[in-house]
Amino acid sequence: MKLYNTISRQKENFKTLEGNEARIYSCGPTVYNYAHIGNLRTYVFMDILRRVLKYNGYTLKHVMNITDVGHLVSDSDEGEDKMLKGAREQQKSPWEIAEHYTQVFLNDIAKLNIEKPEIVPKATEHIDEMLEFVKGLLEEGYAYETSDGIYFDISKFEGYGKLSKINLEEQMAGARVEVNEEKRHPADFALWKKAPKEHIMQWPSPWGMGYPGWHIECSAMGRKYLGDVFDIHTGGVDHIPIHHENEIAQSEALLGKPTVNYWLHGEFMLVDNGKMSKSLGNTYTVADIEAKGLKPLAFRYLCLNAHYRNKLNFTWEAMQSAQVSYDRLMEGALSHKKATEEIEKEVIESFEKEFEEAINDDLNIPKALGIVWNVVRYGKKSAALFNLLVKMDTVLGLDIGKVEEKKAEEQQADPEVEDLINQRQQARKDKNWKLADEIRDKLKAMGIVLEDTPQGVKWKRV
Ligand code: AMP
Ligand code: ZN
């Protein structure tokens, strides 16, 4: 199995440190708001990695943290803590905010069939481990104290910039006007911040009350659960130049050796070919997808159509067509389920081989999906092909095995709904568009979405 390692900029054969167990760390969500579809794309990528590893027979020890403190508005230590900002804006305590958005996040990933990693630690429950880490770095001379915190001294760590391939001079030139004059280098980063009295989240430390820096959280929790050195670390590409560069600096400085063997990064999702941002109102969520009568798994299908190292442009048109393709894929799979035509063993084996080659070539899921479609459209219908699709779906996670139950659920007879649909059909026949629209709106308010298809009106609950 080959994976593209950001640190070497090439595809490498994957080999675990110990036996059959793959140890993985994924940077988890900062739980101050809903996860947007871009965030979720990164977790679909994380999930595909999990599933491909399992397909290859690995067992997993996978950590995904919950960042519930310390992630400032700018990744490079500027601005307010996102948790406190969220709390202030929503007039709740940061603890309530964290609890609420953690639950929403876990529900969202479940809807997208993203498996919950084995270990999901919260940053606020690992302050001791972080303090130990910071103390170690101070003792070894890699960190220094200022009036507002403890900072990592990047000039003491020779390999700084090796992940993003940025050198110190470039860092220096690129840095914004420095606000913190006590820092020795603009790219030095906070390991621990001293908290003013009014700061809501704070813990005792040898340097007074304070709270951890964001980067130290991942290094400390990764080390606690996966050991000093582990196999894979994942995140979005935005983490390469700051967050992961800083994780490498801290961990290697303390432990004297590289601590991660494979760095994997998922490319960004764009919306209408541009950045997602609150001000543009395009940070869509799973709830937005559902509100349009579209299925979360159709969004997953949309994600699977792009390789994780390519940008993916989200538009509502693309989302609609992903829904249509996903429904067709499920229909096609179902057409094989009870069929009995004879299929040669070689045909199945050859599909399987092609599929495995694709997934093991740096998770080439778009290619694997093409093979899945070839199975669906194969000239003969056979339950053996359905079983093959179910096996492939252990990687895709599209619920192909549950196709019948899902269909039954959606088509559940409901006399009231059927009656309203018939009334609407009549109104349309009578060219009473106003009434037809009113009935559609009434159904919408009941959580029923209509779809006019060549085969007649279909409906589903959302
Ligand atoms: P955060 O909750 O901000 O820490 O981000 C959670 C994850 O989403 C991180 O791995 C980010 O790299 C990733 N991420 C943020 N924005 C996008 C985007 N537009 N497309 C894909 N991944 C993203
Ligand atoms: Zn992280």
Side-chain angles (χ1 to χ4, degrees), residues 6 24-49 62-75 79 81-83 85-86 97-98 101-102 104-106 108-109 112 114 117 120-123 126 130 133 163-164 189 212-226 230 232-251 259-260 263-278 280 282-285 299 302-303 306-314:
T6 306
I24 313 164
Y25 188 94
S26 296
C27 290
T30 309
V31 284
Y32 67 108
N33 212 325
Y34 299 104
H36 60 57
I37 51 174
N39 302 135
L40 293 166
R41 182 194 184 195
T42 292
Y43 297 108
V44 169
F45 145 62
M46 167 194 95
D47 183 59
I48 290 292
L49 171 68
H62 183 186
V63 178
M64 177 187 68
N65 68 290
I66 300 288
T67 296
D68 52 0
V69 66
H71 190 171
L72 305 191
V73 168
S74 144
D75 285 358
D81 187 321
K82 288 187 184 185
M83 293 303 302
K85 186 165 182 273
I97 293 278
Y101 289 111
T102 302
V104 177
F105 176 77
L106 294 176
D108 282 351
I109 66 169
L112 292 173
I114 295 168
V120 184
K122 293 179 182 165
H126 295 79
M130 296 169 200
F133 216 112
L163 186 67
S164 50
F189 56 91
W214 172 41
H215 319 297
I216 200 74
E217 299 179 2
C218 290
S219 293
M221 288 185 277
R223 186 179 179 210
K224 169 163 183 182
Y225 293 103
L226 301 174
F230 53 90
I232 304 175
H233 197 314
T234 78
V237 285
D238 56 326
H239 286 348
I240 299 172
I242 300 173
H243 185 48
H244 290 168
E245 202 69 85
N246 293 352
E247 275 193 49
I248 289 177
Q250 302 160 157
S251 295
T259 61
V260 172
W263 284 95
L264 268 60
H265 292 99
E267 247 302 347
F268 256 36
M269 173 166 265
L270 308 175
V271 171
D272 299 326
N273 273 315
K275 231 180 116 123
M276 264 181 252
S277 80
K278 288 252 160 57
L280 293 172
N282 64 5
T283 51
Y284 303 125
T285 62
F299 174 72
L302 177 84
C303 292
H307 189 267
Y308 78 92
R309 285 196 289 119
N310 290 333
K311 290 194 175 64
L312 170 56
N313 185 32
F314 180 93

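Order of listing sets the numbers, starting from 1, for every ligand and every atom in it.
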What do the steps show when you test Thr67 against Met83 for side chain to side chain contact (heavy atoms under 4.5 Å, CB included), and what is the final call? CA-CA 9 Å; Thr67 296; Met83 293 303 302; over 6 Å; no
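In terms of protein heavy-atom proximity, atom 1 (P) of ligand 1 is closest to Thr30 OG1, 3.8 Å. Nearest protein heavy-atom neighbour of atom 9 (C) of ligand 1: His239 NE2, 3.4 Å. Remark: minimum distance from atom 20 (N) of ligand 1 to any protein heavy atom is reached at Met269 N, 2.8 Å.
Note: an N/O pair closer than 3.5 Å links Asp238 and ligand 1 by distance alone. The shortest N or O to N or O distance between Gly236 and ligand 1 is below 3.5 Å. In terms of polar-atom proximity, defined here as any N/O pair under 3.5 Å, Gly38 does make such a contact with ligand 1.
At a cut-off of 2.8 Å, His215 is not counted among the residues with an N, O or S atom near the Zn ion (ligand 2). Not a single N, O or S atom of His244, from either the backbone or the side chain, sits less than 2.8 Å from the Zn ion (ligand 2). Not a single N/O/S atom of His239, whether from backbone or side chain, sits less than 2.8 Å from the Zn ion (ligand 2).
Ring orientation note: the planes of His239 and His243 are nearly perpendicular, at an angle over 60° on the 30°/60° scale. Using the six-membered ring where Trp is involved, His71 and Trp214 have ring planes that are parallel, under 30° apart on the 30 and 60° scheme. Using the six-membered ring where Trp is involved, Tyr34 and Tyr101 have ring planes that are perpendicular, over 60° apart on the 30 and 60° scheme. Taking the six-membered ring where tryptophan is involved, the planes of Tyr308 and Phe45 are essentially parallel, since the angle between them stays under 30° and well short of 60°.
The distance from ligand 1 to the heavy atoms of Pro29 drops below 4.0 Å at these ligand atoms: 2 (O). Near Met276, meaning under 4.0 Å from any of its heavy atoms, are these atoms of ligand 1: 19 (N).
Both the backbone and the side chain of Asn39 come within 4.0 Å of ligand 1, judged by heavy-atom distances. Contacts with ligand 1 closer than 4.0 Å are made by side-chain heavy atoms of His36 only, the backbone lying farther away.
The nearest pair of heavy atoms linking Ala306 to Leu312 is CB-CD1, 3.9 Å. Taking both residues in full, the closest heavy atoms of Lys275 and Asn282 are given as O-ND2, 3.2 Å, listed atom of the first, atom of the second, then distance. In terms of heavy atoms, Phe133 sits closest to Ala220 at CD1-CA, 3.9 Å.
Within the 4.0 Å heavy-atom cutoff, Arg41 does not count among the residues contacting ligand 1. For the pair His71 and ligand 1, a heavy-atom separation below 4.0 Å is found.
Taking the six-membered ring for Trp, His126 and Tyr225 have ring centres closer than 6.0 Å.
Evaluated for a side chain to side chain donor-acceptor pair (under 3.5 Å) with Thr6, the options His233, His244, His265 yield exactly one hit, His265.
When the heavy atoms of Ile37, Thr42, Thr283 are ranked by distance to atom 22 (N) of ligand 1, first place goes to Thr42. Of the listed options Trp214, Tyr43, Phe268, Tyr101, Phe268 places a heavy atom closest to atom 23 (C) of ligand 1.
Looking only at N/O/S atoms, His243 comes nearest to the Zn ion (ligand 2) through NE2.
Within 6.0 Å of the NZ atom in Lys224, the count of heavy atoms belonging to other residues, nucleotides or ligands exceeds 12.
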